[in-house]
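Presented below is the structure to which this report refers.
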Amino acid sequence: MASNADIASRFATMADCLELLGENTFRVNAMRKVARVAEDAADDLCELARRIPKQLQAMDGIGASSASKIIEFANTGRMHEYEELLATLPAGLIDVLRIPGLGPKTVKLLWDQGGVTDLVSLKAKLASGDLAAIPRMGAKILQNIAENIAFIETASARTRLGDALPFAEELVSRLRAVTGVQEADYAGSLRRGRETIGDIDLLVATNDPVSVMQAFVAFAEVAKILAHGETKSSVRLHNGMQVDLRAVPPAVWGAALLYFTGSKEHNVSLREFAQQQKMRLNEYGLFPDDGNEQPPQSRGVKALAAATETDIYKALDLAWLPPELRESRNGCQPPPTNLLQITDIRRELHSHTTASDGACSIEQMVREAKRRGFDCIAITDHSRSSAQANGLSIERLIEHIAAVRAVGEAVTGIHVLAGSEVDILADGHLDYPDEVLAKLDWVVASPHTALKQTPEAATQRLLAAIANPYVRVIGHPSGRILGGRPGLEPDWRTLFAAAAQAQVAFEINSNPMRLDLRDQLVQAALEAGCLLSINTDAHSLQNFNLLRYGITTARRGGLTTDACINTWPWQRFNTWFQK
DNA sequence: GCCGTTTTCGGCCCGACTGTTTTCAGTCG
């Protein structure tokens, strides 16, 4: 089965090959952009290429040339230009390009003059000392190559948001305690809330950058200093993560934060937008474009805006864009009004107790929801097929419903729904018969098994669940685990259309292992008029804290309060789900 | 290779740091 990921990897590899061959960098970047677009796309591009090929080219970043490559791939499973390009280079050379610090120029040099064709030959030639004869290959560079080979051979790929964010917050609080630091924060993909991040970008405002940098590289977590300058340092920590720190004067905090938050594509968009208005934007501020090539800040040119991000957007006549929306797909478009915020959430609609695989009692979960100011919690323990999660037989479920209702009466000031997270079986049947579902207040239907079935089977399976009159929410719809398993790949647009029609909500599961629906699919669901529900799937009291990750994912998809059932006033919600 | 409220041709963001060099190329974000 060909997927968007297959298309993305082919274009990314073509970009690598072209770069090694010394091709025009703009062509290389265009290839990379197609790879990103393919990776992010909510639609199955092969399916689209077969059904409505014209729509491919309508996508931003995909032109006639790339569209025809995708169409060829969709119809034949092959992409001749990719195959030809790959054949012009040693097969292992692309791996050499993955070594940090080695770019296309150096790899080509190692290939042409050193006979390096893959990681194995590179290591052998490093050991033999042959490479030292090549121009620009000094002892330092060779030593760095050797160390970085060792690093990529042991390092894991990207880090999940849920692992990186708490860690970054800890580093930020320690930086704030360093003498001379006036402001500190994290930026980059972490601030944009991407589901996984490559490294942690930190920013400090200070008038004494040198000593702040010295304090930073001396942090106990630092395993290796990759760069250490007056205003910028880069380190690798003992846990393998890379952390970059930039220091800027307090007066340009906003410009720097904007720049280091990215995305790269958003920065390019903003700079191009500035150019059109005869202005220049860099990390030191927004300046008038006086035609002088030299950086304006180094010539004492006064910035038009620099102190805050809002100032800069305003000076460009744009609305401030929340970091979550600064991805290439959003361009410089203003954010939707009523973009969801964490304070808008009024209820948790997916939670577990000790009855199945949770760690806390019904009453503990209910009291925690109340303590957090929620007006409602749905207790949704697992259904009978989830044996590994101690799923409830019909008999146990009947008793559990009574127990949940009893707590609901005992604890005042919060609505308690007796619910279930019912397995959607592989064939689309639910794990309890309808007459049992009828006894519940609330039904979340989720796939837990058979997560490798074909897209066609997955589509039929989820359509069947959407059609069940008792189902209100489709829980973690793909069943993916980040860095674990890809999960189902149904025809999402078909599902969203059906769910919009049936008034069934799709869940954004806040657990950082899942974040399912993912951001791009949230956007597609919204376009289809679908309702969404953000839940933590709490298995403990601490799990309520995971909500922030679901909110971030929702915001990245542009979710508004109106489309999110967890934000509705109780009356509206109650009327909706009782139907 | 992509794109268009100056353009279907001619552009395509900008600066810090490293290492190897006597002034800069390469890499990175």
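Every chain is numbered from 1 and lettered A, B, ... according to where its sequence line falls, protein lines coming before strand lines. Bear in mind that the values here come from a model prediction, so they are computed numbers and not experimental data. Just so it is clear, the values below take in all heavy atoms, side chains as well, and ignore hydrogens, waters and symmetry mates.
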Give none if B:dG26 has no partner; otherwise give the nucleotide forming a Watson-Crick or G-U wobble pair with it, both distances under 3.5 Å. B:dC17
Contact class for [X] (heavy atom, under 4.0 Å): base, sugar-phosphate, or nothing?
X	answer
A:Tyr284	sugar-phosphate
A:Lys69	sugar-phosphate
A:Asn282	sugar-phosphate
A:Glu272	sugar-phosphate
A:Asn144	sugar-phosphate
A:Gly262	nothing
A:Ala139	sugar-phosphate
A:Pro135	nothing
A:Thr231	sugar-phosphate
A:Ser66	sugar-phosphate

Take atom [atom1] in [N] and the same atom in [M], then report the distance between them in whole Å.
N	M	atom1	value
B:dC14	B:dT22	P	29 Å
B:dC17	B:dC12	C1'	25 Å
B:dT8	B:dC3	C1'	9 Å
B:dC2	B:dT6	P	24 Å
B:dT7	B:dG11	C1'	9 Å
B:dT20	B:dA16	P	22 Å
B:dC13	B:dG4	P	15 Å

Donor-acceptor list for residues 144-152 of chain A side chains, cut-off 3.5 Å, not counting sequence neighbours:
residue: A:Glu147; atom: OE1; partner: A:Lys224; partner atom: NZ; Å: 2.3
residue: A:Glu147; atom: OE2; partner: A:Gln143; partner atom: NE2; Å: 3.0
residue: A:Asn148; atom: OD1; partner: A:Arg236; partner atom: NH2; Å: 3.4
residue: A:Asn148; atom: ND2; partner: A:Pro100; partner atom: O; Å: 3.1
residue: A:Asn148; atom: ND2; partner: A:Asn144; partner atom: O; Å: 3.2

For DNA chain B, what residues of residues 305-322 of chain A have any heavy atom nearer than 4.0 Å? none
Residues from residues 200-227 of chain A lying under 4.0 Å of DNA chain B - heavy atoms: A:Asp201, A:Ala227
Are there over 12 heavy-atom neighbours, none belonging to A:Glu39, within less than 6.0 Å of that residue's CD? no
Taking any atom under 4.0 angstrom from a heavy atom of chain A, which nucleotides of DNA chain B are the first and last to qualify, 5' to 3'? B:dG1 to B:dG29
For residues 49-64 of chain A, tabulate all N or O donor-acceptor pairs below 3.5 Å that involve a side-chain atom, not counting sequence neighbours.
residue: A:Arg50; atom: NH1; partner: A:Ala74; partner atom: O; Å: 2.8
residue: A:Arg51; atom: NH1; partner: A:Glu47; partner atom: OE2; Å: 3.4
residue: A:Asp60; atom: OD2; partner: A:Lys33; partner atom: NZ; Å: 3.2

Within 45° of the six-membered ring axis of A:Tyr82 and under 6.0 Å from that ring's centre, is NZ or CZ of A:Arg10 located there? yes
Just jot down the side-chain contact (heavy atoms from CB on, under 4.5 Å) partners of A:Asn239, sequence neighbours excluded, or say none. A:Phe167, A:Leu237, A:Met241
Partner residues of A:Glu84 under the side-chain contact (heavy atoms from CB on, under 4.5 Å) criterion, sequence neighbours left out: A:His80
Review item, side-chain donor-acceptor pairs of residues 175-185 of chain A, under 3.5 Å, at least two apart:
residue: A:Arg176; atom: NE; partner: A:Ala184; partner atom: O; Å: 3.2
residue: A:Arg176; atom: NH2; partner: A:Ala184; partner atom: O; Å: 2.7

I'd like to check the ring pair (Phe, Tyr, Trp, His ring centres under 6.0 Å) partners of A:Phe26; sequence neighbours left out, ordered by chain and number. none
For A:Arg514, which residues count as a salt bridge (Lys or Arg N to Asp or Glu O under 4.0 Å) partner, sequence neighbours excluded? none
For A:Lys108, enumerate each residue passing the salt bridge (Lys or Arg N to Asp or Glu O under 4.0 Å) test, keeping only those at least two apart in sequence or located in another chain. A:Asp112
Under a 3.5 Å cutoff, is there a donor and acceptor pairing between the side chains of A:Arg194 and A:Ser189? no
Side-chain donor/acceptor pairs under 3.5 Å, residues 317-324 of chain A, sequence neighbours excluded:
residue: A:Trp320; atom: NE1; partner: A:Glu309; partner atom: OE1; Å: 2.9
residue: A:Glu324; atom: OE2; partner: A:Arg555; partner atom: NE; Å: 2.8

